[in-house]
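This report refers to the structure that appears directly beneath it.
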Amino acid sequence: MKYKFLNQQNKYIKNVLILLSGSSISQLILLIASPILTRQYSPQDFGAFAGYTSILSIILVVSSLCFEKAIPLEKDEKKTAYLVVLSLMLVFLFSLGIIILHFLFHFNIFSLVDIESKSYYYIFLSLSLLGAGIFQVLNYWGIREDQYKKISSAKLTQSGVNVLGQIGTPLVMKGSFGLFIGDVMGRLIGSSRLITQFLKRNRFLFKNFRKKELFEVIREYYRFPVFATFSTLFNSAALQLPTLLLLNLYGTETAGWYSLSQRVVAVPISLIAVSLGQVYYGEAAKLIKSNPIKLIELYNNTIKKLVLIFALPLLLFALIAPKFFSVFFGGEWLNSGYYTQLLTIMFISQIVVLPLSQTLYILNKQFLQLLWDISRFMIILVGFYVIKRLGYGASVSIMFLSIAMTLSYFVLLILGKKAINNVSQRNYKEEKSVAK
């Protein structure tokens, strides 16, 4: 038994390293390109693009109604394939819906955050959502199938194409257009590698597709769209809300400085955390059924290791952040360095908590997760408007954001730990009663 657990632990570490290496290299590509991009594009261009990607991120999390989260939990191969198909169909419908809403009903989502949009923004938004949605769904399928190398390879492709498009476009067209086109190209080409792999493994769907079986998985996993969709929507909205509020309250230049801080520090942290979280999600889904006590160990050990690995480097980087941004990205980006210093405690809490943030989903505590997500969203929203009303500047809002997010992550950490302990105690009592 002990030998089996050690093998599982070694496999877990190996999978983490595969995804982590893919995420790290893909982020390194973006980071290396950033000094070139900040000299090709202005803070205003980055601000507009930050608003675009924030809107994309919010729509993305609900584009498949969270059915993709059920993919690693399903044991049956055929049902898994139907879950993937269902999720991809929903992504396509959401992508199409963006075009229909704008061109037929003249709905302007960018006006909500004071971004002066053009018609091609909606075409780009639709295509980016399609690429990102496919990638998101097949990411979960890849986790279930242990396709970690394929996922890492797709991430590298996505980053490489993204950078080439963003650097190359200004040679023929000025303005923020290149940031948009690079994003679209990266997402579509990156996701194409994963969808090719899925279709090869599930050829039977072309000949034996049954609507009845599709509706069966909808009935079985209805809790995901009912509860998890709203929870993930508020979760994503809370993460993207600062960019949108900075755009709305302080303008594109301030949002651009904030977005570069996110690009250099928060985005790499997020992708590393997501990579760790995907492997944790797959492993925890198995342990919660077979050995909840080992899940507690996994949870606690992950926290300790992440604090030891990332806390000190992030604190040291905060000391030199203003100088770093000024030298590498140009003098007009100095404020990004000051914002990074204010956000450091939030960055540390993110890297520790985000990999474990889906624990409540695994334990079927979607409603508790939803309450936490709504609370965090409302605190940030109200806090920003109160600070602005009192006449304070963007720096005070960003300091508030850092403190509020850190405290909310700490609360989530405690909720996850308590939920695991409750399941473990319940299983122990059930085993004890069976033994009697």
Side-chain angles (χ1 to χ4, degrees), residues 12 15-16 19-20 23 57-58 60-62 64 66 68-73 136 139-140 143 223-224 227-242 262 266-288 295-296 298-307 309-311 314 343 345-380 401-402 404-423:
Y12 174 76
N15 291 337
V16 165
L19 275 188
L20 199 55
S23 294
S57 298
I58 293 169
L60 172 63
V61 296
V62 297
S64 53
C66 289
E68 80 282 356
K69 292 182 184 296
I71 292 168
L73 305 177
Q136 177 178 261
N139 220 358
Y140 279 94
I143 291 164
R223 290 178 67 87
F224 284 85
F227 293 110
T229 297
F230 290 104
S231 182
T232 52
L233 176 62
F234 276 103
N235 185 288
S236 179
L239 292 174
Q240 305 306 324
L241 190 61
Q262 297 293 296
V267 173
I269 281 175
S270 230
L271 285 173
I272 290 168
V274 166
S275 298
L276 293 169
Q278 286 168 350
V279 181
Y280 168 81
Y281 189 86
E283 196 66 24
K286 297 169 188 172
L287 288 175
I288 197 60
L295 179 54
I296 295 171
L298 180 66
Y299 192 85
N300 291 335
N301 288 336
T302 303
I303 293 169
K304 290 174 188 174
K305 287 173 182 175
L306 290 173
V307 171
I309 293 169
F310 292 104
L314 285 170
L343 293 165
I345 58 167
M346 183 189 81
F347 293 148
I348 293 171
S349 63
Q350 277 182 337
I351 195 66
V352 173
V353 180
L354 285 180
L356 308 167
S357 62
Q358 298 194 79
T359 299
L360 294 177
Y361 288 122
I362 298 165
L363 300 174
N364 213 19
K365 302 286 184 182
Q366 288 96 335
F367 185 68
L368 183 59
Q369 179 76 43
L370 176 61
L371 289 177
W372 180 84
D373 286 316
I374 292 173
S375 300
R376 183 179 62 162
F377 178 86
M378 293 306 300
I379 288 167
I380 294 169
L401 171 69
S402 188
M405 291 286 274
T406 300
L407 291 174
S408 69
Y409 282 131
F410 183 70
V411 170
L412 184 61
L413 211 59
I414 293 170
L415 291 174
K417 191 168 185 176
K418 287 186 75 171
I420 296 171
N421 282 327
N422 289 339
V423 170

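Heavy-atom basis, side chains included; hydrogens, waters and symmetry copies ignored.
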- Are Ser408 and Ile379 side-chain neighbours, meaning at least one heavy-atom pair lies under 4.5 Å? no
**Item:** Pair Leu412-Leu360, side-chain contact (heavy atoms from CB on, under 4.5 Å): steps then yes or no
**Value:** CA-CA 9 Å; Leu412 184 61; Leu360 294 177; 3.9 Å; yes
Rounded to the nearest 0.5 Å, how far does [atom2] of [Y] lie from [atom1] of [X]?
X	Y	atom1	atom2	value
Phe234	Ser375	CZ	OG	10.0 Å
Lys418	Thr359	NZ	OG1	15.0 Å
Phe347	Ile351	CZ	CD1	11.0 Å
Lys69	Phe224	NZ	CZ	8.5 Å
Lys304	Asn301	NZ	CG	6.0 Å
Leu298	Thr302	CG	OG1	4.0 Å

Q. Taking it one step at a time, do Phe310 and Lys305 satisfy side-chain contact (heavy atoms from CB on, under 4.5 Å)?
A. CA-CA 9 Å; Phe310 292 104; Lys305 287 173 182 175; over 6 Å; no
**Request:** Assess whether side-chain contact (heavy atoms from CB on, under 4.5 Å) is satisfied between Lys417 and Ile303, documenting all intermediate values.
**Result:** CA-CA 11 Å; Lys417 191 168 185 176; Ile303 293 169; 5.9 Å; no
| request: Decide side-chain contact (heavy atoms from CB on, under 4.5 Å) for Arg376 and Leu239; before the verdict, give the C-alpha distance in whole Å, the side-chain angles of both, and the deciding distance to 0.1 Å. | output: CA-CA 9 Å; Arg376 183 179 62 162; Leu239 292 174; 3.9 Å; yes
side-chain contact (heavy atoms from CB on, under 4.5 Å) filter on Ile348, not counting sequence neighbours, yields Ala311, Leu314, Leu315, Thr344
Of all heavy-atom pairs between [X] and [Y], which one has the smallest distance, and what is that distance?
X	Y	value
Tyr140	Pro72	CD2-CG, 3.7 Å
Ile380	Ala238	CD1-O, 3.8 Å
Gln369	Ser357	OE1-O, 3.5 Å
Cys66	Val61	SG-O, 3.9 Å

Gln136 meets the side-chain hydrogen bond (donor to acceptor under 3.5 Å, both in side chains) criterion, sequence neighbours left out, with none
For Thr232, the side-chain hydrogen bond (donor to acceptor under 3.5 Å, both in side chains) test, sequence neighbours excluded, returns none
Are any side-chain N or O atoms of Ser236 and backbone N or O atoms of Ser57, one a donor and one an acceptor, separated by less than 3.5 Å? yes
Exercise. Can you tell me if Tyr299 uses its side chain to pair, donor with acceptor, with the backbone of Leu413 under 3.5 Å?
Worked result: yes
**Request:** Give the ring-plane orientation class for Trp372 versus Tyr409, where under 30° counts as parallel, over 60° as perpendicular and anything between as tilted.
**Result:** tilted
